[in-house]
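For the numbers below, each heavy atom of this structure counts, side chains included, while hydrogens, waters and symmetry mates do not. Every chain is numbered from 1 and lettered A, B, ... according to where its sequence line falls, protein lines coming before strand lines. All values reported here derive from a predicted model rather than from experimental measurement.
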Amino acid sequence: MHRFANPARFQRLAGAILPWSAGLTVLLSIVGLWFALVASPPDYQQSETVRIMYVHVPAAWMALFVYANLAVASAIGLVWKHPLADLAAKAMAPIGATFTGVCLITGALWGQPMWGTWWVWDARLTSVLILFFFYVGHIALTNAFDDPTRGTRAAAVLALVGVVNLPIVKFSVDWWNTLHQPASITRLDAPAIHPSMLTPLLLMALAFFGYYVTVLILRLRHEIVCRKLRALRLTQGMGAPAMVEQGGS
Amino acid sequence: MMSALALLRRDLRLALRTPGDSATVVLFFVLTAVLFPLGVGPEPNILARIAVGVIWVTALLACLLSFDRLFQLDAEDGSLDLIALAPAPLELLVLAKCVAHWLVTGLPLIIVSPVLAIFLNLPGEGYPVLLLALAIGTPTLSLIGAIGAGLTLGARRSGVLLPLLVLPLYVPVLVFGVAAIEAAVAGLPARPHLLILGGLLALSLPLAPVATAAAIRQALE
Amino acid sequence: MGDFSTWLAMGGYAAFVWPSYAITAVLLIGLLVVSLWNLRRGEAELARNDRAGRTGAPGRRDRKVPHP
């Protein structure tokens, strides 16, 4: 029964957080979009395309942040065999992959007007692309087993391997990029961000964070429901209804 | 330690009994690399430019071919259970299996790589560093691949899944392996790249067996 | 109205600015909808199982079997 005790506490906590995170996400999105699309000035170099930054950069931040979360959840799941941590890791990966996908697509849409090409093998783009492959591999591995626990545990090991490997990938891609510097491109990262740009950037980042919390709670609840259903099916499948009734009477 | 050596000897004996497995990997390596001149065109300059990258990428792919059997066969006939139950730490035994894997796949790849370098018109300065970089880099490939093999043990479609997991992990080896040889071809010192390759090997030598052993323990649970 | 159309034009970069916001919205809302839909479906099935359990029938199929 203790296996269900923690999820029950989670359900109560999640029930308290969910309305706030959902409401704040909507509110922050509206205000953030207003600042991002209307109330902020165009950049003197990049003109209106700078507005892509307000979704691109928060998505990149969230892609990394979710991976950090995934790694922590995986470590907890592996070390303490905490069932909720396993499920959390499983619930996080698709959200992280989505943020990474958003980052890549908006990056391409920003690169085309700024660099004249949809894709450059820029160090950052390349490492985000590899991060995306990591997420995809994680999701595929999670779902590759008939026993879901085996899937989450294997994926947890993969996530921790990624924690060691991803910084090395980042380092090697940076190195590789300095070796093969393509014909000079204007870097996207403005050295100093004007406060008028910082406001929409931070608002959108907070909105993305609220979205992450909201969707994570929904997905985690779904995972808990699935686990309960599986437990029910197992007891039914093993011809246990008689036992259930004995226990009930 | 003795049991690790015994496992190494057993794996090598098994591999010698079926030399076809090793030969398949080498043949795949040669054939894929030979496809590049046919695809890109036979101009010596272009081939020389892409030679290093082609050799490394095909080496990565050839390596991948052999991993799905690394633990699968042992899992099927039950010897993996015995290996996991052995008094010696599983990490050490995994390391022994990686060494055996490298000896039967990595080493043959290194031996045939000069032939491919000739096919691809690699400038002469690159040859010593090519051998050196492959010698330092391919053990890392074996170690990282073992993690993937352990993780996909018992998975559905493990053959497709394994490259998906392992190839992103191979990026650093590829980058520095290619950089070392290209530096040598350009007349620059290859030492820093080779040192980083060595660093990657030094890092994966203790860490990869730990991760692989963890994956195998879960697979057998 | 002129203000609005210059805003829509995004300084000539409308073809890049608007799609990036649209794709972001589609992906994020899509994930949200899929997550919600999965949750609802799972909860509905759980509720069905609960009801089946409470009426004394062990499985949905053997509902007709008289209770011993």
Side-chain angles (χ1 to χ4, degrees), chain A residues 22 25 29 33 36-38 42 46-56 58-59 91 94-95 97-99 101-103 105-114 204 208 211 214-226 228-229 232-233 235-237 239-242 244-245 248, chain C:
Chain A
T25 306
S29 306
L33 283 175
L37 289 169
V38 183
Q46 312 191 0
S47 83
E48 305 280 358
T49 56
V50 76
R51 301 192 192 283
I52 298 175
M53 177 177 80
Y54 305 134
V55 282
H56 174 76
I95 312 177
T98 308
F99 278 126
V102 166
C103 179
I105 294 171
T106 54
L109 283 164
W110 199 4
Q112 174 64 18
M114 283 301 102
M204 289 306 284
F208 277 22
Y211 169 88
T214 310
V215 176
L216 179 60
I217 289 175
L218 294 176
R219 294 193 74 87
L220 242 174
R221 279 188 167 169
H222 172 241
E223 293 300 335
I224 292 172
V225 166
C226 282
K228 279 184 190 163
L229 278 172
L232 276 175
R233 264 191 222 118
T235 49
Q236 284 174 3
V244 171
E245 281 183 9
Chain C
M1 213 46 214
D3 262 8
F4 185 68
S5 54
T6 50
W7 178 66
L8 271 190
M10 279 289 158
Y13 292 114
F16 303 105
V17 175
W18 293 117
S20 32
Y21 279 80
I23 291 170
T24 305
V26 166
L27 285 178
L28 293 186
I29 293 171
L31 181 69
L32 176 70
V33 168
V34 168
S35 306
L36 256 178
W37 189 65
N38 280 340
L39 178 61
R40 292 277 172 277
R41 215 182 35 170
E43 277 176 342
E45 198 173 329
L46 199 61
R48 227 181 305 135
N49 264 307
D50 269 2
R51 241 177 291 128
R54 227 175 289 133
T55 50
R60 268 162 286 155
R61 276 219 204 117
D62 357 12
R63 254 199 205 175
K64 294 275 164 64
V65 178
H67 201 267

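Here the closest non-hydrogen pair linking S35(C) and V215(A) is OG-CG1, 3.7 Å. The nearest pair of heavy atoms linking N38(C) to H222(A) is O-CD2, 3.3 Å. Nearest approach of I52(A) to S20(C), heavy atoms of both residues: CG1-OG, 3.3 Å. When every heavy atom of Q112(A) is checked against every heavy atom of F16(C), the shortest pair comes out as CG-CE2, 3.3 Å.
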Checklist entry - For I23(C) and V55(A), what are the C-alpha separation, side-chain angles and deciding distance, and is it a side chain to side chain contact (heavy atoms under 4.5 Å, CB included)? => result CA-CA 10 Å; I23(C) 291 170; V55(A) 282; over 6 Å; no
Next on the checklist: With side chain to side chain contact (heavy atoms under 4.5 Å, CB included) as the criterion, how do W18(C) and L37(A) come out once you've worked through the C-alpha distance, each side chain's angles and the decisive distance to 0.1 Å?
Outcome noted: CA-CA 10 Å; W18(C) 293 117; L37(A) 289 169; 3.8 Å; yes
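Between L46(C) and L232(A), the closest side-chain pair of non-hydrogen atoms falls below 4.5 Å. Taking 4.5 Å as the limit, some side-chain heavy atom of L28(C) sits within range of a side-chain heavy atom of T98(A). Side chains of E45(C) and V225(A) form no contact here, defined as non-hydrogen atoms less than 4.5 Å apart.
Here the CG atom belonging to L218(A) is positioned 7.5 Å from the CZ atom belonging to R40(C), to the nearest 0.5 angstrom.
Interface residue I105(A): only side-chain heavy atoms are found under 4.5 Å from chain C.
Among V26(C), V34(C), T24(C), L36(C), the residue with the largest count of heavy-atom pairs under 4.5 Å with chain A is T24(C).
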